[in-house]
Amino acid sequence: MMEKNAKIYVAGHRGMVGSAICRALGRMGYANLVTRTHEELDLCRQDQVEAFFAQEQPDYVFLAAAKVGGILANRDAPADFLYDNLILELNVIHGAWQNHCRKLLFLGSSCIYPRLAPQPIREESLLTSALEETNEAYALAKISGLKYCAYLREQYGADFISAMPTNLYGPGDNYHPTHSHVLPALIRRFHEAKEAGAGEVVCWGTGSPLREFMYVDDLAEACLLLMQVYSGKETVNLGTGEELSIRELTELVAKVVGYEGEIRWDPSKPDGTPRKLLDVGKLESLGYHHTTKLEEGIRRTYQDFLAGPIRARR
Ligand code: GDP
C-alpha cells in the first residue's frame, strides 16, 4: 500500500496523463508530490536526471513523460520518437532504481502491440509479430522501457511494473491540427468549421479503422489502483473494452461540437492499424471498471478546448 505521506514523483505532470495522475493522487489524499517542469529538468539528460533522483529520492514514481503524437507525427519523425523516448525512459527508470525507489509504474501504449494481434488484444500478444509501421519507432522505445522494468524485477527484485493504456483523451490534450491524435484533432476541426460556417470537413483515411478510447481521469484511477495492488512482470492493459469506428467517432464529435455540415474522407492519409481493442479482463479482475462514457468524456474535453489558451487553437 502506498502510504498517504509517501513521496511520489510524477514524471510528465504537465502532460495530459501526468496531470490526471496528479489530480487523482490529490483526490485520494496524497500530498507529498514531487514534480519538475521540462525547463527545470530535462529528462533526456542523464546527468540532470541522476542529480534529481539523488536529491529527491522519491518512494514511488509514475513515469508519464513521453514524446507523443498522432499518426503523421510518428510517421514523419521516427528518429526523434525513438531517441527521445528511449533515452528519457532509461534515464528515469535507472535513476529510480539506483536510488532505491520502492515502486515505479511505467506507461506503455496499446500501439506497441503487433499490428495484426488477435483482438481483443491480450497482454501475451506483445512481441509475437510485426509492429504497425506508422509508429514502429515509438513502439520500439516503449517496448524497451517495459522490458527494462521487467528485467530489473527479474535480475534485482525491483518492484517496477508497467501498464498498457489504450488511446487516451481528455483535458490537457494536444489540439494541434496535424500532429495530434484523432479525437482532439476532430474537436478542433469541427469547432473551427462550425465557427466558419463551413459546409464540409475533411477527415483522414477511410473512417473504417476501429479504435477504443479511454477518458484520462479514468486511466489515472486505474494507474493508482495498479500502484496499490499490482506487482508482476507482465504488463496490464488499461482500457474500456469498447470500440467504435473512426467514422462513428467523427459523428459523435460533430454532434457534441454542434457541427452540422458534411464529412468527407481523404484516403491519401494513412488509416494505421485496422483495429486496436484491448482485452481488459486482467484490469477488471483487479477491480477496476471505467466510469466515463465516451460522449460525456468528449463533452468535457470540448469544454477544456474552449477554455484553453487561444494559442492551442491556432
Ligand atoms: P493511431 O490510433 O495510432 O492510428 O493514431 P491517431 O489517433 O492519430 O489516428 C487514429 C485514426 O484516425 C487513423 O485511422 C487516422 O487516419 C484517423 N483520423 C481521421 N482524421 C484524423 C485527424 O484529423 N487526425 C488524426 N491524428 N487522425 C485522424
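Remember, it's 1-based here, ligands and their atoms both numbered in the order they're listed.
Ionic pairing of Lys67 and Asp80 is not present here: no N-O contact between side-chain nitrogen and carboxylate oxygen is shorter than 4.0 angstrom. For Arg102 and Glu3, the salt-bridge test passes: some basic side-chain N is under 4.0 Å from an acidic carboxylate O. A salt bridge does not link Arg115 to Glu133: none of the charged nitrogens lies less than 4.0 Å from a carboxylate oxygen. Ionic pairing of Asp279 and Arg122 is present here: one or more N-O contacts between side-chain nitrogen and carboxylate oxygen are shorter than 4.0 angstrom. Contact check on Glu243 versus Arg211 returns no salt bridge, with no Lys/Arg side-chain nitrogen under 4.0 Å from an Asp/Glu carboxylate oxygen.
Of the candidates Glu212, Arg188, Lys276, it is Lys276 that places a heavy atom closest to atom 1 (P) of ligand 1. For atom 10 (C) of ligand 1, the candidate residues are Ile187, Val182, Val201; the nearest heavy-atom contact is made by Val182. The option from Arg189, Glu132, His179 that lies nearest to atom 23 (O) of ligand 1, judged by heavy atoms, is Arg189.
Here the protein heavy atom with the shortest distance to atom 26 (N) of ligand 1 is Ser180 O, 2.9 Å. Protein heavy atom nearest atom 4 (O) of ligand 1, with residue, atom name and distance: Arg211 NH2, 2.9 Å. For atom 8 (O) of ligand 1, the closest heavy atom belonging to the protein is Ile71 N, 3.0 Å. Remark: minimum distance from atom 14 (O) of ligand 1 to any protein heavy atom is reached at Asp271 O, 2.6 Å. With hydrogens left out, the protein atom closest to atom 11 (C) of ligand 1 is Ile246 CD1, 3.6 Å, a heavy atom.
Classified by interplanar angle (parallel below 30°, tilted 30° to 60°, perpendicular above 60°), the ring pair Tyr156/Trp97 is tilted. By the 30° and 60° cut-offs, the orientation of the rings of Phe305 relative to Tyr175 is perpendicular.
For ligand 1, the polar-atom distance check finds an N/O of Pro270 within less than 3.5 Å of one of the ligand's N/O atoms. Residue Trp204 has at least one nitrogen or oxygen atom sitting less than 3.5 Å from a nitrogen or oxygen atom of ligand 1, judged on distance alone. Close N/O approach between Ala185 and ligand 1 is not found [any backbone or side-chain N/O within under 3.5 Å].
When heavy-atom distances to ligand 1 are checked against a 4.0 Å cut-off, Asn167 comes that close only through its side chain, counted from C-beta outward. Proximity of Cys111 to ligand 1, defined as any heavy-atom pair under 4.0 Å, is not found for any part of the residue.
Below 4.0 Å from some heavy atom of Gly70 lie the following atoms of ligand 1, by number and element: 8 (O).
The one candidate from Leu104, Leu33, Ile21 that meets the side chain to side chain contact (heavy atoms under 4.5 Å, CB included) condition with Phe62 is Ile21.
Ring to ring, His181 and Tyr169 are not that close: their centroids are 6.0 angstrom or more apart.
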